[in-house]
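Some notes on the structure that comes next.
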Amino acid sequence: MPTAVLTDRERAAVQAYLRLLQTVRATFDGPPDGRRPPAVPTAALAEAEQALSAAGLAGNEEEFFHLLRSWCPER
């Protein structure tokens with residue numbers, strides 16, 4: 001299967017998204033706590049948002065997910 005050749009900024013955006021995805025999964029995979037809902041650290045969200053903006057992908061989810069699928073097909 002061919003893979004995409006990403007720019008450094010596109011690669012950073014994909015990596016930030018994958019880290020955010022792992023953080024969200026870890027947050028929701030923990031034991032349930034009825035006292036408060038799971039919370040994703042704002043730093044993880046900010047990193048992904050900044051990386052998407054730097055790559056020119058903010059607001060262009062279709063292009064971003066196309067890059068993600070070509071670079072990391074199992075996601």
Where do [X] and [Y] come nearest, in terms of heavy atoms and distance?
X	Y	answer
S53	A58	OG-CB, 3.7 Å
A54	R9	O-CD, 3.1 Å
R11	L6	NH2-O, 3.2 Å
A16	A51	CB-CB, 3.9 Å

**L21 side chain reached by R25 side chain, heavy atoms, under 4.5 Å** = yes
**Asked** Do L20 and E47 come close enough that some side-chain heavy atom pair is under 4.5 Å?
**Response** no
**Message:** As an exercise, state the distance from CD of E63 to CG of L52, rounded to the nearest 0.5 Å.
**Reply:** 11.0 Å
**Message:** As an exercise, state the distance from OH of Y17 to CD of E49, rounded to the nearest 0.5 Å.
**Reply:** 14.5 Å
